[in-house]
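The shown structure was predicted, so the numbers you read here are calculated from the model rather than taken from an experiment.
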Amino acid sequence: MASPQRNPNSTTQNISQSSQEQCHQRDKIHRIIPEKDVNSLGKYGGAPMVADASNFDIEAGLQTGTALKAGLKQVDPPSFPSFVLEEFKSATLLPLFVSAVICFIAGIVSKNPDYGWTEGVDILVNILILVFLPSIQKYCTVRKDAKKIKSLKVTVIRDGKYQDLAVPEVVEGDSVVLKVGDVVPGDGLLVSGNELVIDDKLDFLIDRINNPFLFSGSKVVEGGGRMIVVSTGSSTSLGKMMLLKNRNPFEEEPLFQAHMKELNRTMDYIVMFIYIVLALVLFFQLLYTRNRHKDDQKSVRPPNLNNKVSAEFVETLFKKILLRSRASLICWNRNLKKKHQIHHKNLYACGTMGLTKIIVIDVSRELLVPQCPREAAKDLQDKGVSIVLVSRDDENFVRAIADEIGILHTSRDLVVNGEEFDRGDIPRNNIISIRIMYKSQPKHTFLLVKALRENGHVVAYLGGLATLDTPALKEADVGIIEEHNSCGLAKESSDFTVKGEGSLLPLLTVGRFVYSNVGSFIEALHTTSICILFMAFILEPFHLIWVNAVIHILGFSMILMELPKKRTISLKAKVMCPNIARKVLCQVLLLLSLGFIPKPILGSNEDIQEVMTLNIFTMFQVFYMFQIMEFSDIEVLKVAVRNYSFLATVGITMVFHGIIINCTENLSFLNWTVCFLLVLLLWVLDSTLKFVAEALYRLYDQIQICIAVILVLYFIIL
């Protein structure tokens, strides 16, 4: 009897239906676990049915020969050449190359190749140092972080045997044996063992019946058991939120540091332009001298670069600006640790905290409420900071906390549900009015922080109670955790760790001091550095080094004072560059005006004129430093006068300045009087230019308004 023929289309259809059913079951499982839906899991059949639906073997684990899905998808750290190329993009390297070429050409033109060869190679060596040293430092830091991730290992069962694998090598379907100290490698379910205690502060007890849900990144602190991994990498709850960041974790930097880099990049282009102009002037001067003295070859020499500021000197000066501010940040952060028990992880986060306008606080179970007591909340709001409370608890619970610390004030303040916010029911313009978000899961908090930042606000987030809070900590401009109420992954992802109570107010206050003082210091330092380029044709290298030393000594001592300044200098390039340009213009005009002063006043000796120029230049830099620190304000001056270390620094520096001036040339009383009068004239000129600039700016706005009104009236008449 002939056997019935099978229909190949029917077989294919069955396989397709089976595949679709399996995908449907997996989607259902992936919904149950993130929501921690115990009831749905029980109806589904528990962990054994989850394993069967996914073709996972709980006892024997995966088979080595089985085609496995990719494990944890890590963002590859940048390679070393990429860091080198990034450093080569610096605008100030171009004038260094130009200087090297000019030195080589100057040596050939002067028929003295040895001279040009030594100067050119010296500059090229400096270029290599400036490029490779920071590249090596950045590359080593990134590689260290990447190795730390790969060093995490767990025990899995494959082919019925125990194997130790790195966390990134764990895949879906692996049966993982968890013990104390292990990091959960993916989202999944506890399938054996009595109880596990993880470092999650809100949901720390894991058991097979009531709460078998485990999430990637959690750490086992007590107990042991076996879990089945359902998702890894970007498929986990943590991974999905991290993908929403749309930012490479290796390229993230605090806003304060970003402002500094933007300013330094702008100043790079300004210095590049000045360098090219000066280099061309020197080069054409050399050609002109050569044409005039064709017969006298001894007189055809390249410009004496030893009496000018070399390119590498000023380049190093600008590169050190960032290093000097790093030293001040270290001192400020040490004060935070000593006085307020606030530990920093990110050095630049303290300055970013000074820009913060919104603080989001997780008040679930009131664990973090002591960090913002009633008095501190009022002071924070008086300083222009809005406070937003998020919680996994219900509305009445969070409202009670808000009433206690005085958050809700007006009818415009919004109280929203986390799911309501997730659905997009809140208009974008109303997000800034949110003061309470109840029943807020980690994803909802993350989306709130992200939306606030996308609206242009600087946001700090106090949280870290659970592993899934990590994306919100990373998304915020400043991530803050409390030492005893935070999980391990949150501690690694935060910028500050606080102890005790009421830490938010001192952290904000110090942050504003840091941002304001560092901004003032950098503005003064950039101004002096650009002026030094023009002074290079007048003053000796030692004199320029002394001016640089005076600015650094006085600036570093002032940057550490808690000055109650009324005005905060912005580090944004578009704000600071006009101020720097005005100061530089004033000093260049003063230099030009020195040529019109009668010689009996300045003295016929060129050395005396040079020393007077140094004296005027140095005194104005000191005066300018006092001006931007707002010493004209009585309250600021009181703080400065009570700081004895600052007074001692100013006194000693001025004494040394007087010694250097008198040892170089003995200035008369008339010479000193002229110096003080010219500094006063320079201050008047600077104030006048500032007033004119502000008046023109206001006039420009008024002219725009008038033009708009005229146009409206014109169209109405038509």
Show which side-chain atoms of residues 358-369 pair as donor or acceptor with protein atoms under 3.5 Å away, not counting sequence neighbours.
from	atom 1	to	atom 2	distance (Å)
Asp362	OD1	Ser364	N	3.0
Asp362	OD1	Ser364	OG	2.7
Asp362	OD2	Arg392	NH1	3.1
Ser364	OG	Arg392	N	3.0
Arg365	NH1	Leu202	O	2.9
Arg365	NH2	Leu202	O	2.7

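For Lys491, the salt bridge (charged side-chain N to carboxylate O under 4.0 Å, His left out) test picks out no residue, with sequence neighbours left out. Here Ser40 pairs with Asp37 under the side-chain hydrogen bond (donor to acceptor under 3.5 Å, both in side chains) rule; sequence neighbours left out. Legend: residues meeting salt bridge (charged side-chain N to carboxylate O under 4.0 Å, His left out) with Asp393, ordered by chain and number and at least two apart, are absent. The side chain to side chain contact (heavy atoms under 4.5 Å, CB included) check on Arg435 picks up Ser386, Val388, Ile407, Leu408, Asp413, with sequence neighbours excluded. Qualifying salt bridge (charged side-chain N to carboxylate O under 4.0 Å, His left out) partners for Asp164, counting only residues two or more places apart in sequence or in other chains: none. For Arg412, there are no side-chain hydrogen bond (donor to acceptor under 3.5 Å, both in side chains) partners two or more places apart in sequence or in a different chain. Remark: Phe213 pairs with no residue by the ring pair (Phe, Tyr, Trp, His ring centres under 6.0 Å) rule, at least two apart or across chains. Applying the salt bridge (charged side-chain N to carboxylate O under 4.0 Å, His left out) criterion to Asp477, with sequence neighbours excluded, gives Arg453.
Here NZ of Lys378 is found 14.0 Å from CD1 of Ile405. Values are rounded to the nearest 0.5 Å. Put simply, CG on Leu468 and CD on Gln441 are 9.0 Å apart, with the number rounded to the nearest 0.5 Å.
Side chain to side chain, Gln371 and Ser503 meet the donor-acceptor criterion of an N or O pair below 3.5 Å. Using modelled atom types, one finds no donor on one side chain facing an acceptor on the other under 3.5 Å when comparing Asn417 with Glu420.
Annotation: side chain of Ile480 is in contact with side chain of Leu504 (closest heavy-atom distance under 4.5 Å). Looking at heavy atoms from C-beta onward, Asp469 lies in side-chain contact with Leu465 at the 4.5 angstrom threshold. Counting only heavy atoms from C-beta outward, the side chains of Pro373 and Glu501 never approach each other to under 4.5 Å. Residues His457 and Ile432 have side chains in contact (heavy-atom distance under 4.5 Å, counting atoms from C-beta outward). Under the 4.5 Å side-chain criterion, counting only non-hydrogen atoms from C-beta, Glu195 is not in contact with Glu222. Side-chain contact between Phe496 and Val478: present, with at least one pair of heavy atoms (C-beta onward) separated by less than 4.5 Å. Side-chain contact check for Val38 versus Asn210: every heavy-atom pair is 4.5 Å or farther apart. The shortest side-chain heavy-atom distance between Thr232 and Asp174 does not fall under the 4.5 Å cut-off.
The pair Lys450-Glu454 meets the salt-bridge criterion, with a side-chain N (NZ, NE, NH1 or NH2) lying under 4.0 Å from an Asp/Glu carboxylate O. Salt bridge Asp425/Arg423: present, at least one basic N to carboxylate O contact under 4.0 Å.
In the displayed structure, Lys153 atom NZ is contacted under 6.0 Å by more than 12 heavy atoms of other residues, nucleotides or ligands.
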Inset, instruction - Take Leu41 and Leu189 through the side-chain contact (heavy atoms from CB on, under 4.5 Å) test and state the conclusion after the steps. - result: CA-CA 10 Å; Leu41 180 63; Leu189 298 169; 4.1 Å; yes
Inset, instruction - Check step by step if side-chain contact (heavy atoms from CB on, under 4.5 Å) holds for Lys383 and Arg512. - result: CA-CA 10 Å; Lys383 291 179 178 292; Arg512 291 190 172 180; 3.5 Å; yes
Legend entry - CA sep, side-chain torsions, deciding dist, call: Val229, Val171, side-chain contact (heavy atoms from CB on, under 4.5 Å): CA-CA 7 Å; Val229 178; Val171 298; over 6 Å; no
Inset, instruction - Using the side-chain contact (heavy atoms from CB on, under 4.5 Å) rule, take Leu238 and Leu489 through it: C-alpha gap first, then chi angles, then the decisive distance, then the call. - result: CA-CA 11 Å; Leu238 181 64; Leu489 193 59; 3.7 Å; yes
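Panel note: side chain Gln381, backbone Gly406; a donor-acceptor pair is recorded below 3.5 Å.
Residue pairs meeting the salt bridge (Lys or Arg N to Asp or Glu O under 4.0 Å) criterion with at least one partner in residues 196-213, sequence neighbours excluded, are Lys36-Asp203. Residue pairs that meet the side-chain hydrogen bond (donor to acceptor under 3.5 Å, both in side chains) test with at least one member in residues 333-342, sequence neighbours left out, do not exist here. Within the structure, ring pair (Phe, Tyr, Trp, His ring centres under 6.0 Å) pairs that include any residue of residues 139-184 comprise Phe80-Tyr139 (at least two apart or interchain).
Classified by interplanar angle (parallel below 30°, tilted 30° to 60°, perpendicular above 60°), the ring pair His259/Tyr515 is perpendicular.
Scanning both residues, Gly223 and Leu196, for their nearest heavy atoms gives C-CD2, 3.6 Å.
Aromatic ring centres of Phe397 and Tyr438 lie farther apart than the 6.0 Å criterion allows.
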